[in-house]
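Let me begin by presenting the structure, written as structure tokens, before commenting on it.
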Amino acid sequence: MGGYLRLPPGAFPALADEGAHADLVGPHARGEEQPVKVLFVVSSGRSGSTVIDRMLGQFPGVWGAGEISWIWESSLLNNGRCGCGAKFHECPQWNKVFDLLGGMDAVDAEAMVAFWRRDDKMLGPHFPRLLSRSGRRSIPEFTDAARVLELLMAAMRRVASCRVIVDTTKNPFHYAYLQKSPVVDPYLLLLLRDPRAVAYSWARPKKELGYDDGRPMPREPLVKSALWWDLIVQFTSMFGRDRPERFMVLRYEEFVEAPRRVLDEIGEFCGEKWDWSGVEVPGADDEFRVGLNHSVWGNPMRFSDETLRVRPDERWKAMPPGQKAVVAALCAPWMLRTGYLGSGSRSGSRGA
């Protein structure tokens, strides 16, 4: 099933630094320090993961880190903006994290980007391992990505003293890499949205705010969006069936109808009871306070520091009937199983 996927020498010096490894990973490996809970939120994009990340990140002890897979390209290489508004290389919190890893300048960002693009592909070198349970369980043993993320998240936990990290990377590989780590206690949440709404959103223009040049966010054709939705649901569900007690399925449509209840269910899933003081807006069922965050990447709303209003977005229903039919035809089997066509699985289910 292919050889070990190694980083080029010197790309991530902390990987070879025995002192850094002993300091950050050693206490966990020896059982002297509890692992940090990491909630891996996987979706096909345009499904509300940034909203959930921001709301969870308001609770004490939680770091809503956004899409950590982009830390090498958008953050380290291109110096995009952290959720706090600062350029990544100027963000005090992320500088403290990388100081524990030898410093930002020590990382070969170009080499890390090239490695991650290859290693993190759903249809890339890990694909044969995705097809069997034993293969999926073996993924951490065949890539340096597991060790890199282990060190990164150990440093994040050390800096923020957090109990929970939220990673909204859009595929299940981060969960796969860390499922055997002594540093991380992994939880997998599959976030679903009607694929017709996802395809509609990916086709609409939207400005990227993570850089200062006003560039547009990528737009995708309907067929590509639909097939990616299928792929994400199928392979994330495979990982979920391997450890059903660590797997939760959430539908965006039910989250926006009852955000507090759903967030409490996520907390229960992770063994946490959230402290809502300072988060809720008194007298409002759909309004919540959001403040400073240090997210790597995500929807541009991660920069908003105003009151967050959680409401259904049904603009996609104005799509031409033919376009809806194309998406539904491509996604029909999983739409049936997840409740978007006829009756199916309900949101919030475990081990779906």
Side-chain angles (χ1 to χ4, degrees), residues 1-16 21 25 38 40-45 49 65-78 101 107-154 167-184 186-190 218 220 223-243 246-247 296-297 334:
M1 289 195 294
Y4 192 87
L5 297 177
R6 292 193 180 277
L7 276 168
F12 193 75
L15 204 62
H21 194 275
V25 178
V38 180
F40 297 97
V41 182
V42 177
S43 75
S44 59
S49 63
E67 300 176 35
I68 291 180
S69 61
W70 286 97
I71 197 168
W72 317 113
E73 181 173 352
S74 299
S75 302
L76 283 173
L77 181 63
N78 295 325
L101 303 170
V107 179
D108 185 339
E110 290 187 356
M112 294 298 291
V113 170
F115 174 82
W116 231 261
R117 284 178 177 172
R118 176 172 179 249
D119 191 79
D120 228 20
K121 280 186 177 179
M122 193 75 70
L123 299 179
H126 292 306
F127 181 74
R129 296 187 182 92
L130 293 174
L131 304 180
S132 70
R133 182 173 184 176
S134 60
R136 292 188 292 274
R137 292 287 290 166
S138 74
I139 287 176
E141 303 162 10
F142 287 90
T143 174
D144 277 334
R147 265 57 68 184
V148 169
L149 287 173
E150 185 175 70
L151 283 164
L152 177 64
M153 290 184 174
D167 178 0
T168 58
T169 292
K170 297 297 186 289
N171 70 47
F173 279 129
H174 282 195
Y175 169 82
Y177 299 149
L178 293 165
Q179 57 189 323
K180 296 182 179 180
S181 170
V183 173
V184 168
Y187 296 82
L188 181 61
L189 189 152
L190 173 59
E220 303 291 355
V223 170
K224 182 177 179 180
S225 299
L227 293 176
W228 181 242
W229 188 92
D230 279 334
L231 201 65
I232 286 293
V233 176
Q234 178 172 347
F235 286 112
T236 306
S237 297
M238 285 182 177
F239 282 107
R241 287 195 294 272
D242 293 342
R243 296 187 69 187
R246 293 302 183 95
F247 183 47
V296 172
W297 206 246
W334 281 104

Quiz item: If you round to the nearest 0.5 Å, how far is CZ of Phe127 from CZ of Phe235?
Solution: 4.5 Å
Quiz item: Can you tell if the side chain of Met122 reaches within under 4.5 Å of the side chain of Ile232, non-hydrogen atoms only?
Solution: yes
Practice problem: Report yes or no: does Ser181 contribute a side-chain atom to a donor-acceptor pair with the main-chain N or O of Glu150 at less than 3.5 Å? | Solution: no
Quiz item: Does Arg136 use its side chain to pair, donor to acceptor, with the backbone of Leu130 at less than 3.5 Å?
Solution: yes
Exercise. Answer yes or no for Arg129 and Phe142: cation-pi contact, defined as NZ/CZ to six-membered ring centre under 6.0 Å and angle to ring axis within 45°.
Key: yes
Self-check item: Contact check, side chains of Phe40 and Leu178, non-hydrogen atoms, under 4.5 Å
Solution: yes
Quiz item: What pairs with Glu220 under salt bridge (Lys or Arg N to Asp or Glu O under 4.0 Å), at least two apart in sequence or on another chain?
Solution: Lys224
Practice problem: Please round to the nearest 0.5 Å and tell me the distance separating atom CZ of Arg118 and atom OG1 of Thr143. | Solution: 9.0 Å
Quiz item: Distance-only, no hydrogens or angles: does the Asp144 side chain make a donor-acceptor pair with backbone N or O of Leu7 under 3.5 Å?
Solution: yes
Practice problem: Write down the atom of Tyr4, the atom of Glu141, and the distance for their closest heavy-atom approach. | Solution: CE1-O, 2.9 Å
Quiz item: What's the shortest heavy-atom distance between Ala176 and Pro140, and which atoms?
Solution: O-CG, 3.0 Å
Quiz item: Heavy atoms, side chains only, cut-off 4.5 Å: are Phe115 and Asp120 in contact?
Solution: no
Quiz item: Would you find more than 12 non-hydrogen atoms of other residues, nucleotides or ligands less than 6.0 Å from Trp70 atom CH2?
Solution: no
Quiz item: Looking at CZ of Arg133 and CZ of Arg241, how far apart are the two atoms once the value is rounded to the nearest 0.5 Å?
Solution: 10.5 Å
Quiz item: Judged by atom type as modelled, is there a donor-acceptor pair below 3.5 Å linking the side chain of Gln234 to the main-chain atoms of Leu231?
Solution: no
Quiz item: So do Phe12 and Asp108 actually touch side chain to side chain, heavy atoms under 4.5 Å?
Solution: no
Self-check item: Test item: Arg246 side-chain N/O and Leu188 main-chain N/O as donor-acceptor pair under 3.5 Å
Solution: no
Quiz item: Within the side chain of Arg147, is there an N or O that forms a donor-acceptor pair under 3.5 Å with the backbone of Leu15?
Solution: no
Self-check item: Steps toward side chain to side chain contact (heavy atoms under 4.5 Å, CB included) verdict (His174, Val42)
Solution: CA-CA 10 Å; His174 282 195; Val42 177; over 6 Å; no
Quiz item: When rounded to the nearest 0.5 angstrom, what distance separates OH in Tyr187 from CZ in Arg243?
Solution: 8.5 Å
Self-check item: Distance in Å, Phe239 CZ paired with Phe247 CZ, rounded so as to fall on 0.5 Å steps
Solution: 11.0 Å
Quiz item: Do any N or O atoms from the side chain of Thr169 and from the backbone of Ser69 form a donor-acceptor pair under 3.5 angstrom?
Solution: yes
Self-check item: Short side-chain to backbone donor-acceptor contact, Ser138 and Gly135, under 3.5 Å
Solution: yes
Quiz item: Is the shortest heavy-atom distance from the side chain of Ile139 to the side chain of Tyr177 under 4.5 Å?
Solution: yes
Quiz item: Can you pull the salt bridge (Lys or Arg N to Asp or Glu O under 4.0 Å) pairs that have at least one residue in residues 66-76, sequence neighbours excluded?
Solution: Glu67-Lys170, Glu73-Arg117
Quiz prompt | Minimum heavy-atom distance between Asn171 and Phe173, given as atom pair plus value | solution = OD1-N, 2.8 Å
Quiz prompt | Where Pro13 and Gly10 come nearest, the two heavy atoms and their spacing | solution = CD-O, 3.6 Å
Quiz prompt | Side-chain touch Ile68/Leu149, heavy atoms, less than 4.5 angstrom | solution = yes
Self-check item: Check against side chain to side chain contact (heavy atoms under 4.5 Å, CB included), Asp167 and Met153
Solution: CA-CA 10 Å; Asp167 178 0; Met153 290 184 174; 3.8 Å; yes
Quiz item: Would you say the side chain of Gln179 lies within less than 4.5 Å of the side chain of Val184, judging by non-hydrogen atoms?
Solution: no
Quiz item: Between Leu151 and Ala14, what is the shortest heavy-atom contact and its length?
Solution: CD1-O, 3.6 Å
Quiz item: Just wondering, do Thr236 and Pro172 contact through their side chains at under 4.5 Å, heavy atoms?
Solution: yes
Quiz item: Nearest 0.5 Å, what's the CH2-CH2 distance between Trp229 and Trp334?
Solution: 8.5 Å
